[in-house]
2 protein chains.
Amino acid sequence: MASLPSILGGLDPTSDRAVFRQIADQLREAIDRGRFKEGEKLPSEAELVEHYGVSRMTVRNSFSILQGEGLVHAEHGRGVFVRPRPPVRRLASDRFARRHREQGKSAFIVEADAAGSHPTVDSLEVKEEKAGQDISTRLGSVRRVLARRRRYLLDGRPVEFATSYLPLDIARGTQIAEPNPGPGGIYARLEELGHQLDHFEEEIRARMPSPSEVKTLQLASGVPVIHLIRTAFDTAGRAVEVCDTVMAADAYVLSYQLPAT
Amino acid sequence: MASLPSILGGLDPTSDRAVFRQIADQLREAIDRGRFKEGEKLPSEAELVEHYGVSRMTVRNSFSILQGEGLVHAEHGRGVFVRPRPPVRRLASDRFARRHREQGKSAFIVEADAAGSHPTVDSLEVKEEKAGQDISTRLGSVRRVLARRRRYLLDGRPVEFATSYLPLDIARGTQIAEPNPGPGGIYARLEELGHQLDHFEEEIRARMPSPSEVKTLQLASGVPVIHLIRTAFDTAGRAVEVCDTVMAADAYVLSYQLPAT
DNA sequence: CTTGCCCACTCGTCTATACGAGTATGCGTG
DNA sequence: CACGCATACTCGTATAGACGAGTGGGCAAG
C-alpha cells in the first residue's frame with residue numbers, strides 16, 4: 001500500500017463539516033477510486049489517529065459511518081476491511097414457471113449449481129401453527145396453517161430465510177407436511193392435489209434487519225434485507241400458499257417482466 | 001409517560017452482552033411493545049445516563065444502534081424520537097398498462113391524488129449526455145442519450161429520484177426532449193412515434209444510500225433505498241428507454257403479478 | 001523441527017470531561 | 001399584550017485515557 005499521506009489528504013479546519021465526516025469522506029472516496037480494493041485492509045485506527053492528529057473515538061466515528069453505509073466491516077483483532085461484494089443471485093420472474101418444476105430438484109439447488117455455487121438448505125421446521133393476522137388475511141381468513149421454515153445458504157453463507165404457510169385443509173396429511181416435499185417442491189404437490197396454479201402475487205419491501213434477522217442471515221452491519229411476500233393462487237382464485245421470505249439484500253437482484261398492455 | 005424504571009429494566013452485569021447493547025435491547029423492546037409510540041420522544045441521554053448509571057457515550061452508542069436499525073431518529077436540540085412509519089406508496093405491476101396512459105396526468109400525480117396525498121415533481125433536468133457503460137449496454141450500445149431527471153415528492157417529502165435514458169435517434173427533436181413530455185408521459189409519446197411498447201423488464205436491488213442519495217431524498221439514517229432499473233422494449237424487440245430509479249425504501253411497497261405457466 | 005507461550009497490534013467497550021449549537025420556555029422589558 | 005433575551009435542556013462533536021479481547025507472528029523451550 002502507498003503511504004497514507006499520498007492516499008488521504010488533510011483536514012480542512014475552516015470547513016464546518018465535522019472532522020469525523022471529513023475523514024469518512026476521504027476514506028469513502030479512496031475506496032470508490034479503488035485506492036483500497038475489495039477485501040483490502042484499511043489503515044488501522046492508530047494509523048489514522050496519527051495521520052490526522054485526532055483522537056481515536058473520532059476515527060472510530062468515521063469508521064462507523066462507513067459501516068452504516070455497508071462499505072467496510074471491522075474484524076476484531078485484525079482490522080477494518082473494504083467489504084467485498086458477494087456474488088448476487090438473480091431471481092427471474094419466470095422462476096416459478098411450470099417447466100422449472102418438472103425436474104426433480106428445487107429451484108434453488110438447480111440454479112445455484114448452474115452458477116457454480118455450493119447450495120445448502122437447513123433449519124428445516126415443519127409444523128402446524130396459528131396464523132398471524134396478516135397471513136390469515138392473505139390466505140382468506142384461515143385460523144391455523146402449516147408452516148414450513150427453511151434457510152438457504154450459498155457456499156456456506158446464509159442468504160435467505162423463508163416460511164411457507166398453507167391452509168391445513170389443503171396440506172394436512174399430504175407430502176407437503178413432510179420435511180421433504182418431494183421433486184418439484186410444494187408447488188408440484190399442490191398441482192397434484194388438484195390446485196392448478198394460476199398466478200403469483202409478490203410484494204416487495206426493503207428495510208434494515210431486526211436483530212434476529214441479523215443473526216439468522218449473519219448479516220454485516222449496513223446490509224438491508226429484501227422482504228418478499230408471495231401469494232400463490234390456484235385457477236379457482238383461491239390463495240393456496242403464502243411464502244414470506246427475507247433475503248440478504250447484497251446477495252440478490254430481483255428481476256421482473258411486465259406486460260405493456 | 002410512565003416513570004423510567006417502570007418501562008426500562010436494569011442492567012445485567014453478569015451478562016457478557018455489552019452494556020450499550022443491553023440498553024439498546026431494552027429501548028427496542030419498549031418501542032416494539034408500544035411503550036413508546038410512533039413520533040414519541042424517548043428519554044433524553046441525560047435521563048438514561050441517570051437511570052442506568054453509565055456514561056453518556058454509552059447511551060449514545062445505544063441510540064446509534066437503534067438509529068442504524070431505522071427505529072429512531074435524533075433531532076438536534078429536541079430529543080430522540082420513535083421514527084413514524086410514513087405512508088407507503090404501492091406500485092402495482094400494471095402501473096404501466098396502456099389504459100393508465102390514456103388519461104392526461106402522469107401516473108404519479110393521479111395515484112397520489114387518489115391516495116389523498118399532495119404530489120410534486122421537481123428537479124427537472126433534460127439534457128443530452130454520454131451514456132454510462134451500463135445504460136449503453138442496456139440500450140444496445142448507444143453512445144449518447146437523452147437523460148430526463150426528476151424527483152418525486154409526496155406532501156413535500158422526497159420519495160423517489162428517477163432518470164430516464166432514451167436513444168438520441170428516437171428522442172431528439174421530439175416532445176420527449178421537452179421539459180414537459182405531455183399527457184400520458186414519454187411512454188405515450190414513444191407509441192405515437194411508432195414504438196409500440198411490448199413489455200418492460202425491471203431489476204430490483206436494495207442497498208444503503210450513498211451520501212448524495214441521502215441528500216436528494218432527505219433520508220433518515222437507517223433507511224435503505226430500493227434501486228429499480230426498468231427497460232422498456234418495443235414490439236420490434238428494441239430497448240427504447242431505460243429508467244433508473246432510486247426510492248426511499250420506507251415509502252414503497254412494490255407489487256408484481258407472475259404467471260404460473 | 002515442532003510446540004507453546006509471549007507480545008505487539010488490532011478493534012471493542014467504557015468512563016469522564018468539555019464545549020458547541022439547536023430548541024423551547026418563561027420572564028422581564030417595552 | 002408583544003417582543004426579545006436569558007436560560008435550561010437537548011443532541012453533536014471531540015479529547016484523553018483505560019482496560020479487555022481476538023489475532024498473528026516471532027521466539028524460546030523441548
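A, B, ... follow the sequence lines: proteins, then strands. Residue 1 opens every chain. Predicted model, so just to flag it, every value in this text is computed and none were measured.
From the 5' end on, the contacts that DNA chain D makes with chain B at under 4.0 Å to a non-hydrogen atom open and close at D/dT10 to D/dA14. Chain B approaches DNA chain C within less than 4.0 angstrom (heavy atoms of the protein), and the contacting nucleotides run 5' to 3' from C/dT13 to C/dA24.
A search for ring pair (Phe, Tyr, Trp, His ring centres under 6.0 Å) contacts involving B/Tyr152 returns B/Phe108, not counting sequence neighbours. Listed by chain and number, the residues in a side chain to side chain donor-acceptor pair (under 3.5 Å) with A/Arg205 are A/Glu203 (sequence neighbours excluded).
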Check your understanding: Step by step, would you call B/Gln22 with B/Tyr52 a side chain to side chain donor-acceptor pair (under 3.5 Å)?
Key -> CA-CA 10 Å; B/Gln22 292 187 46; B/Tyr52 286 113; over 6 Å; no
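Two residues are said to be in side-chain contact when any heavy atoms from C-beta on lie closer than 4.5 Å; B/Ser164 and B/Arg150 meet this criterion. For the pair A/Arg207/A/Val246, a side-chain contact is recorded, criterion being any heavy-atom separation below 4.5 Å from C-beta on.
Ion pair B/Asp244/B/Arg138 not flagged as a salt bridge, since none of the NZ, NE, NH1 or NH2 atoms sits closer than 4.0 Å to an Asp/Glu carboxylate oxygen.
Within 6.0 Å of CD in A/Glu128 there are more than 12 heavy atoms belonging to other residues, nucleotides or ligands.
Nearest heavy-atom pair, A/Arg17 versus A/Ser15, reported as atom, atom and distance to 0.1 Å: N-OG, 2.8 Å. Nearest heavy-atom pair across B/Ile226 and A/Ala206 is CG1-CB, 3.8 Å.
For the pair A/Phe63 and A/Met57, both in contact range of DNA chain C, the more 5′-proximal nearest nucleotide belongs to A/Phe63.
The stretch residues 65-80 of chain B comes close to DNA chain D through B/Ala74, B/Glu75, B/His76, B/Gly77, B/Arg78, B/Gly79, B/Val80, each having a heavy atom under 4.0 Å from the strand.
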Under 3.5 Å, sequence neighbours excluded: what are the donor-acceptor pairs made by side chains of residues 70-80 of chain B?
{"residue": "B/Glu75", "atom": "OE1", "partner": "B/Arg78", "partner atom": "NE", "Å": "3.0"}
{"residue": "B/Glu75", "atom": "OE1", "partner": "B/Arg78", "partner atom": "NH2", "Å": "3.3"}

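When heavy atoms are screened at a 4.0 angstrom cut-off, A/Arg17 is found touching no nucleic acid atom at all.
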